[in-house]
Amino acid sequence: MTFTILRIFRSRVVLISALFLAFLLLTALFGPLLYTVDPAMGDVDNLRSFPTLAHPLGTDDIGRDTLARLMMGLRVSLAVAVVVEFFNVVVGAGLGVLAGYFGGWIDVIVARLADMLFAFPGLLLAILISAIFGSTAVEFAGGAGRLLLVSFSLALVGWPLMARYTRGQTLSLKERLFVESTRALGASDRHILWRHILPNLAGLIIVSATLDVATVIVSEATLGLLGLSAQPPQTSLGKMIVEAFNYMTLNWTQVLFPGLVLALLVLTLSFVGDGLQEYVERG
Amino acid sequence: MPQFILRRLMQLVFVLFSITFITFIVGHLAPGDPVQALMGNKRDPKLYEQLRHQYGLDRPWYEQYAGYVFGVLQGDFGKSYRYAGRPVWDLIKQGVPVSASLGLAALALSVLLGIPIGVLASVRANGVFDRTAMAVMLTLFAVPSFVIAGVLQTLQVILYQNSLPNLPTSGWGKPENWVMPVLVLAAGTMGYLARLTRSSMISVLRQDYIRTAWAKGANARRVYMVHALRNALIPIVTVLGPSVAFVVIGSFVVENVFRVPGIGFVAVQAISTRDYPVIQSVALLLALIVAVMSLITDVLYSLLDPRIRTQ
């Protein structure tokens, strides 16, 4: 039973995607330890260079090493995604389960809040919030504040969907016989929630979170592109792409590399997410 | 039917309330002092109080919210921080027709290309055309628009460097300026529509009445275009609302990448000058468009499929 999850790798697309994702994750985590070029340091003799031995992926318009910056951008994307999904799972799934299980006023409040946020096109609200509170966040916590604000704004528009999924599932789970029998045996709500509802929802929550990561990464890149995410010396994939637009006539590879990483990241994430979804739904 | 529309209109009221409330709260909490922004560098406590009163900023927040909604209803989106006292509407109104024409062109293109591609793919499901077209459509849908923009721009640059015919990579005004932004903006929606049309067609083609149509000797064109497509289009109508949202948000990116002077471009410029009311108004305007479009979609859907109304 423990290893049946490995079945998803029978699909070659899922296997290749998962290996590629693992590679990107390891690169983001350990890459900067092995490849110690300073991502903020400009090599003035090699501005906008094409890939060379000294700079495997070339340099940007002020001579910063693209490979080093790519790893940094990847770290930013993944860090934001982790924070957003953490928030989504804790707040979104948490509120969804509570709303579905207890019903009553908590259900009404959660549903209304979610409806309100659904009314606003998600990314648009994230743009609005990160644009207006950006300077405040930087005053509070510097560059990290900006990333936290971006994460917060994306989580704010993301949690209602998670809450909606989990609420619906909880509603049907709590009517199931095994839950009723547990209750008949005198189990507390807390016991039922932790031991019976949540373990049954875990698969669904993991799948939704995985599929959502792709959306979050694109959204973060979009915010980065509009200048609302990471600020120098930090960078993000979206920001690298948009900065490279400015000197594209001189060196097109600098648009290509971050664009390719972003596109592959999003595609492989959705393949792995689909594979997981199939596994959870069919068992 | 009127009942359904009435119920949907009630929902719209809640949606409009949510949109205006959220933009109001965000603007209310925005850093910076709007009154000081109006006064520029002047320091005059008396004038300050007078202006504060004049703009109603000394009233409780719910009265301010009511005033805000009332203003928006009359087309008053507030005043710019950056250009002291200039109405926000003055700053964004030139961008509205630009964004609207860009968005409509992209939407039209994605419908006119996406649906036929989906139909063609469904005719020989799992054939060569189906597989290639669907792989391309998945890529267009999954890959963010700015990456597609980058690829297309790079292509133009290579064409330019080799003195081959090429398109401008930025700017607005000439007909050739339209091609790239419209293509990029349409790409995602087109991919989505094509894939949806294909799966919708395939499920309709399995129905009994399609077999009947074949059996009575109708030709392929009639079966696909008249019998199948008509029903297959119903679920596609439902996604037109979300498609508009997709295009609206996409226009933010596309306008900035291609330097098209629409409202998304104006809003992003306002970000760097911290002209919050402009950003706030653009967000409000776009959210309103999306809300109204999703209402139209729902009404259209209920006209096409009577089952919806009775739910």
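We name chains A, B, ... by the order of the sequence lines, and we start the count at 1 in each one. The shown structure was predicted, so the numbers you read here are calculated from the model rather than taken from an experiment.
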Under 4.5 Å from any heavy atom of chain B - which part of A:L265:
neither

For chain B, find which of A:A214, A:G238, A:A221 contributes the most heavy-atom pairs closer than 4.5 angstrom.
A:A221

If you measure from the Lys or Arg side-chain nitrogens to the Asp or Glu carboxylate oxygens, is any gap between B:D298 and B:R7 under 4.0 Å?
no

When heavy-atom pairs shorter than 4.5 Å are enumerated against chain B, which of A:L124, A:V218, A:L125 gives the highest number?
A:L124

Mind telling me whether B:F17 and B:F21 have parallel, tilted or perpendicular rings, with 30° and 60° as the class edges?
parallel

Non-hydrogen atoms of chain B under 4.5 Å away: do they reach the side chain of A:A244, the backbone, both or neither?
neither

Taking every non-hydrogen pair under 4.5 Å, which of B:T139, B:V147, B:I148 racks up the most with chain A?
B:V147

Ionic contact status for A:R69 with A:E243, cut-off 4.0 Å
yes

Quick one: pull up CD in A:E220 and CG in A:L228 and give me the separation to the nearest 0.5 Å.
10.5 Å

Please classify the contact between A:L264 and chain B as side chain, backbone, both or neither, with a heavy-atom cut-off of under 4.5 Å.
neither

Could you tell me how the ring of B:F141 sits relative to the ring of B:Y192: parallel (under 30°), tilted (30 to 60°) or perpendicular (over 60°)?
parallel

Is there a donor in the side chain of B:Y65 and an acceptor in the side chain of B:T20, or the other way round, less than 3.5 Å apart?
yes

Residue part contacting chain B, namely of A:L262, when any heavy atom lies under 4.5 Å
side chain

Determine the option with the most heavy-atom pairs under 4.5 angstrom with chain B, choosing from A:L267, A:L225, A:L256.
A:L225

Under 4.5 Å, counting heavy-atom pairs only, tell me which of A:L260, A:T222, A:V266, A:I241 racks up the most with chain B.
A:T222

